[in-house]
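The structure under discussion appears below in the form of structure tokens.
Note: hydrogens, waters and symmetry copies are ignored here, and every other heavy atom, side chains too, is used.
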Amino acid sequence: MKLLVIEDEIVLANNIRDFLIGEGYLCQLVDNFEAGIEKVSLYQYDCVLIDITLPGGSGLQIVERLKQISSSTGIIIISAKNSLNDKMTGLDLGADDYLTKPFHIAELNSRIKSVIRRRNFEGQIDIVFEEIKIILEQKAVYIGEMEIRLTRKEYDLLLFFIMNKMRVLTRESIAEHLYGDDADTADSFDFLYSQVKNLRKKIEDAGGIDYIHTVYGIGYKFGSL
């Protein structure tokens, strides 16, 4: 899962990023309004954490920008402001949640998980596609009754495919989701081909069906044909 933190309190922002990276997220950080607007305009995230008061502008304008581009990104506002008006404004603009500083980062993590489940999986804790079952809280994957051991990138790749089943995904979009915003500067996609090959093999070795279909010259499509 790919997250963006837009927060100008550097110590807090670094603590959030370090914790979330430790939880297995791909987490990127910017500390001002202009950089935040640029990131959400150019790249796709599973969830964005936005402070209201930022150098150069208001985080609420970034929420508006996300809604203007019809982004499916989950939005959590994190702010020292605790007025009812700020909270209502943020939620009315389309934010999914609002967390007032100071807060426990473990609580933020729980809220991120909840937003992502609601956004991508209709609130489900277990994701099932045909014979594939993913238990989100445990990051465990089963093919029928057999658990398969995936690397972090293979797990993220499978989850991304299931989130976007029956959609053609470009190599660029998959690489960006797995490796961050700089993936589009890579000289080749050999690293992605290797991840797809390994995931296919592990699923098939466990008796599962290969639902990953190559769309030549573009990328991949996941699902039953």
* Asked: Are Tyr211 and Phe129 an aromatic pair by the rule of ring centers under 6.0 Å?
  ->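 When the ring centroids of Tyr211 and Phe129 are compared, they turn out to be within the sub-6.0 Å range.
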
Interatomic distance, [X] atom [atom1] to [Y] atom [atom2] [nearest 0.5 angstrom]:
| X | Y | atom1 | atom2 | answer |
| --- | --- | --- | --- | --- |
| Cys27 | Asp18 | SG | CG | 8.5 Å |
| Tyr98 | Ile50 | OH | CD1 | 12.0 Å |
| Ile134 | Tyr155 | CD1 | OH | 5.5 Å |
| Thr53 | Glu7 | OG1 | CD | 9.5 Å |
| Leu157 | His177 | CG | NE2 | 8.5 Å |
| Ile75 | Leu49 | CD1 | CG | 10.5 Å |

* Given the rule in the side chain to side chain contact (heavy atoms under 4.5 Å, CB included) test, do Leu20 and Ile112 qualify, once you have shown the distances and angles that lead to the verdict? -> CA-CA 10 Å; Leu20 294 176; Ile112 290 169; 3.9 Å; yes

Could you check if a side-chain atom of [X] sits within less than 4.5 angstrom of a side-chain atom of [Y], using non-hydrogen atoms only?
| X | Y | value |
| --- | --- | --- |
| Arg111 | Ile76 | yes |
| Gln28 | Arg17 | no |
| Leu158 | Phe222 | yes |
| Asp31 | Pro55 | no |
| Thr100 | Ser79 | no |
| Leu108 | Leu99 | yes |
| Ser114 | Arg117 | yes |
| Phe161 | Leu169 | yes |

Going only through I, L, V, M, F, W and Y residues with side-chain contacts under 4.5 Å, is there a path from [X] to [Y]?
| X | Y | value |
| --- | --- | --- |
| Leu66 | Leu93 | yes |
| Tyr25 | Ile162 | yes |
| Ile209 | Ile203 | yes |
| Phe19 | Leu26 | no |
| Met163 | Ile135 | no |

Is there a donor-acceptor pair closer than 3.5 Å between any side-chain N or O of [X] and the backbone N or O of [Y]?
| X | Y | result |
| --- | --- | --- |
| Thr214 | Tyr216 | no |
| Lys153 | Leu178 | yes |
| Lys202 | Arg149 | yes |
| Glu176 | Gln44 | yes |
| Thr73 | Tyr45 | yes |
| Glu9 | Val11 | no |
| Arg200 | Ile212 | yes |
| Asp51 | Leu54 | no |
| Asn198 | Ser194 | yes |

Distance-minimising heavy-atom pair for [X] and [Y]:
| X | Y | answer |
| --- | --- | --- |
| Ser41 | Arg65 | OG-NE, 3.1 Å |
| Ile77 | Ala95 | CD1-CB, 3.8 Å |
| Gly208 | Glu131 | CA-OE2, 3.3 Å |
| Met146 | Ala206 | SD-CB, 3.6 Å |
| Gly223 | His213 | O-NE2, 2.7 Å |
| Ala13 | Leu29 | CB-CD1, 3.3 Å |

* To do: Determine, step by step, whether Thr170 and Tyr220 satisfy the side chain to side chain contact (heavy atoms under 4.5 Å, CB included) criterion, reporting the C-alpha distance in whole Å, the side-chain angles of both residues, the deciding distance to 0.1 Å, and the verdict.
  => CA-CA 7 Å; Thr170 66; Tyr220 299 94; over 6 Å; no

Verify the neighbour count for atom [atom1] of [X]: are there more than 12 heavy atoms of other residues, nucleotides or ligands below 6.0 Å?
| X | atom1 | result |
| --- | --- | --- |
| Glu130 | CD | yes |
| Lys139 | NZ | yes |
| Glu145 | CD | no |
| Lys201 | NZ | no |

* Asked: Going by the angle between their ring planes, with limits at 30° and 60°, are Tyr179 and Phe191 parallel, tilted or perpendicular?
  ->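 Aromatic pair Tyr179/Phe191 classed perpendicular.
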
* **Test log, rule side chain to side chain contact (heavy atoms under 4.5 Å, CB included), inputs Ile16 and Phe103** => CA-CA 11 Å; Ile16 291 173; Phe103 52 80; 4.1 Å; yes

* Asked: Between Met1 and Leu159, does a side chain to side chain contact (heavy atoms under 4.5 Å, CB included) hold up when you go through it step by step?
  -> CA-CA 9 Å; Met1 291 292 180; Leu159 202 58; 3.3 Å; yes

* Asked: Would Lys2 and Asp46 pass as an ion pair if we require N to O under 4.0 Å?
  ->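 Asp46 and Lys2: not salt-bridged.
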
